[in-house]
2 protein chains.
Amino acid sequence: MDDVDRMIISLLQEDAARPYAALGAAVGLSAGAAHERVRKLRERGLIRRTTVDIDPVAAGRGVLAYVMIDGKTWMGGTGEALAAVPEIEEAHVIAGPASLLVKVRASSTRELQDVLRRVFEIDGVTGTQTVVVLETFFERGVHVPGTSSDSGHK
Amino acid sequence: MDDVDRMIISLLQEDAARPYAALGAAVGLSAGAAHERVRKLRERGLIRRTTVDIDPVAAGRGVLAYVMIDGKTWMGGTGEALAAVPEIEEAHVIAGPASLLVKVRASSTRELQDVLRRVFEIDGVTGTQTVVVLETFFERGVHVPGTSSDSGHK
DNA sequence: TCATCCTGTCGACGTCGTCCATTCCATGGA
DNA sequence: TCCATGGAATGGACGACGTCGACAGGATGA
């Protein structure tokens with residue numbers, strides 16, 4: 001995991017369809033060497049997969065909200081129950097004012113309400129607190145430490 | 001934007017490196033037709049770009065937190081000031097107990113503390129409230145309405 | 001000094017993306 | 001009903017690209 005690997009990841013985050021020849025040229029390597037680097041990054045699990053970035057608004061998911069969920073006892077199936085709701089994009093266990101935090105993307109406030117109803121139907125849920133997003137400044141990929149403009153922290 | 005387009009998006013979200021021939025076969029189309037569909041989805045802005053999914057833990061970003069930020073006056077440059085902090089992955093204006101909500105990924109709690117310090121240095125910030133994530137159930141892409149397991153809501 | 005391993009370069013083959021002409025189907029007008 | 005029009009899919013041909021193998025260079029350790 002050196003600087004070249006970090007540059008490769010950064011470049012692939014921008015455009016994963018880039019030809020290996022161009023990718024190699026950008027980091028001072030041949031196409032074959034770039035290919036080998038990427039193969040190993042996949043092997044190590046650093047690169048999970050290549051995917052497409054979808055515009056939520058164009059896809060009809062213009063309403064974004066974060067929902068903090070209170071509950072008493074979490075049974076094993078809570079994660080699966082949340083995953084069964086397609087509008088829920090992320091689900092985390094948190095330390096703080098609530099027990100869970102989920103990210104919800106809905107097509108309307110009406111649908112958001114419906115998602116909340118489905119969340120309430122999950123065993124153990126006693127309450128929710130919803131934070132509606134008015135405007136999104138940016139949403140970007142994971143930043144890999146060591147890539148440009150880092151203050152040198154470890 | 002029909003069912004075929006939705007299936008294509010769903011398939012590409014799983015694996016964008018899939019050959020057009022395979023993609024077409026999966027939705028009952030030829031390679032050329034699949035290519036044309038994808039081209040138009042890009043043209044319409046529905047597919048923003050193809051990128052790689054990075055494992056945050058493997059990348060040395062094992063600590064995830066959401067930070068709610070309080071402030072009085074937001075000048076135009078607030079979004080840029082937040083974007084300048086590479087550890088901040090998302091930044092939103094919210095309606096609720098605070099003014100802004102940002103998603104932070106750090107390598108350690110020590111670095112998280114440093115990120116909070118940098119947030120405080122931004123003009124107008126008067127306070128923060130941090131929610132640390134203990135465990136992540138899942139993080140997935142935008143779900144496109146109409147794709148499988150939808151209860152038929154609009 | 002030599003052996004070994006890792007990593008990169010180069011080249012060749014096969015696959016895949018890309019483009020174009022053609023055909024098919026749905027739609028609307030006279 | 002017939003014809004005109006536009007959108008979309010098919011199939012094929014060309015060229016670019018991914019993929020793999022053999023070989024070379026450099027670093028490490030005995």
Side-chain angles (χ1 to χ4, degrees), chain A residues 1-55 57-60 141-148 150 154, chain B residues 1-55 57-61 141-148 150 152 154:
Chain A
M1 185 63 181
D2 57 358
D3 285 331
V4 174
D5 283 328
R6 278 186 276 270
M7 285 176 68
I8 286 177
I9 289 177
S10 184
L11 289 165
L12 289 180
Q13 280 181 324
E14 288 172 17
D15 178 14
R18 194 190 312 263
Y20 280 117
L23 182 64
V27 300
L29 251 56
S30 73
H35 181 257
E36 181 66 9
R37 291 268 193 169
V38 173
R39 194 193 61 76
K40 287 185 181 173
L41 286 172
R42 290 182 186 281
E43 191 181 80
R44 282 181 241 158
L46 228 147
I47 296 178
R48 285 213 199 99
R49 58 180 178 175
T50 86
T51 181
V52 287
D53 185 24
I54 301 299
D55 180 4
V57 176
V142 179
H143 175 261
V144 180
T147 320
S148 67
D150 244 348
K154 262 286 168 50
Chain B
M1 183 65 181
D2 58 356
D3 285 332
V4 174
D5 284 328
R6 279 186 275 270
M7 284 177 68
I8 286 177
I9 289 176
S10 184
L11 289 166
L12 289 181
Q13 281 181 324
E14 289 172 15
D15 178 15
R18 195 190 313 262
Y20 281 116
L23 182 64
V27 298
L29 252 56
S30 72
H35 181 254
E36 181 67 7
R37 292 268 193 169
V38 173
R39 193 192 62 75
K40 288 185 179 172
L41 286 172
R42 290 182 187 281
E43 190 181 81
R44 281 181 242 158
L46 228 146
I47 297 179
R48 286 213 199 99
R49 58 179 179 176
T50 85
T51 182
V52 286
D53 185 24
I54 301 299
D55 181 4
V57 177
R61 294 284 188 199
V142 178
H143 175 261
V144 180
T147 320
S148 64
D150 244 345
K154 259 288 165 52

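So that the names make sense, note that chain A is the first sequence line, chain B the second, and so on, each numbered from 1.
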Could you go through nucleotides 6-10 of chain D and list every protein N or O atom that sits under 3.5 Å from one of its N or O atoms, giving the distance for each pair?
| residue | atom | partner | partner atom | Å |
| --- | --- | --- | --- | --- |
| dA8(D) | OP2 | Lys40(B) | NZ | 2.5 |
| dA9(D) | OP1 | Arg37(B) | NE | 3.1 |
| dA9(D) | OP1 | Arg37(B) | NH2 | 2.7 |
| dT10(D) | OP2 | Ser30(B) | N | 2.5 |
| dT10(D) | OP2 | Ser30(B) | OG | 2.8 |

Drop me the distance from [X]'s [atom1] to [Y]'s [atom2], to the nearest 0.5 angstrom.
X: Arg49(B); Y: Ile47(B); atom1: CZ; atom2: CD1; result: 13.0 Å
X: Ile8(B); Y: Leu46(B); atom1: CD1; atom2: CG; result: 11.5 Å
X: Ser10(B); Y: Ile54(A); atom1: OG; atom2: CD1; result: 9.5 Å

Under 3.5 Å: donor-acceptor pair, side chain of Arg6(A), backbone of Val144(A):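 Side chain of Arg6(A) to backbone of Val144(A): no pair is present.
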
Interface limits on DNA chain C, where chain B has a heavy atom under 4.0 Å of a nucleotide atom: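 The contact span of chain B on DNA chain C goes from dG17(C) to dT18(C).
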
Output side-chain donor-acceptor pairs under 3.5 Å for residues 11-21 of chain A, partner residues at least two apart or in another chain, one line each.
| residue | atom | partner | partner atom | Å |
| --- | --- | --- | --- | --- |
| Gln13(A) | NE2 | Val142(A) | O | 2.9 |
| Asp15(A) | OD1 | Ala17(A) | N | 3.0 |
| Arg18(A) | NH2 | Leu11(A) | O | 3.0 |

Axis deviation across the helix from dT1(C)-dA30(D) to dA30(C)-dT1(D), five-pair ends, to the nearest 10°: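 For the helix from dT1(C)-dA30(D) to dA30(C)-dT1(D), the axes at opposite ends meet at about 30°.
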
Residues which pass side-chain hydrogen bond (donor to acceptor under 3.5 Å, both in side chains) with Arg42(A), listed by chain and number, not counting sequence neighbours: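 Scan of Arg42(A) (side-chain hydrogen bond (donor to acceptor under 3.5 Å, both in side chains), adjacent residues dropped) gives none.
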
Partner residues of Arg44(B) under the side-chain hydrogen bond (donor to acceptor under 3.5 Å, both in side chains) criterion, sequence neighbours left out: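 Partners of Arg44(B) by the side-chain hydrogen bond (donor to acceptor under 3.5 Å, both in side chains) criterion come out as none, since no residue qualifies.
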
Salt bridge (charged side-chain N to carboxylate O under 4.0 Å, His left out) against Arg48(B), all qualifying residues, sequence neighbours excluded: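 With sequence neighbours excluded, Arg48(B) shows a salt bridge (charged side-chain N to carboxylate O under 4.0 Å, His left out) to Asp53(A), Asp55(A), given in chain and number order.
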
Thr51(B) and Thr50(A), any side-chain heavy atoms less than 4.5 Å apart: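 Thr50(A) vs Thr51(B): side chains apart.
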
Got a list of side-chain donor-acceptor pairs under 3.5 Å for residues 23-38 of chain B, not counting sequence neighbours?
| residue | atom | partner | partner atom | Å |
| --- | --- | --- | --- | --- |
| Ser30(B) | OG | Ala33(B) | N | 3.2 |
| Glu36(B) | OE1 | Arg39(B) | NE | 3.3 |
| Glu36(B) | OE2 | Arg39(B) | NH2 | 3.0 |
| Arg37(B) | NH1 | Asp2(B) | OD1 | 2.9 |
| Arg37(B) | NH1 | Asp2(B) | OD2 | 3.3 |
| Arg37(B) | NH1 | Asp5(B) | OD1 | 3.3 |
| Arg37(B) | NH1 | Asp5(B) | OD2 | 3.4 |
| Arg37(B) | NH2 | Asp2(B) | OD2 | 3.4 |

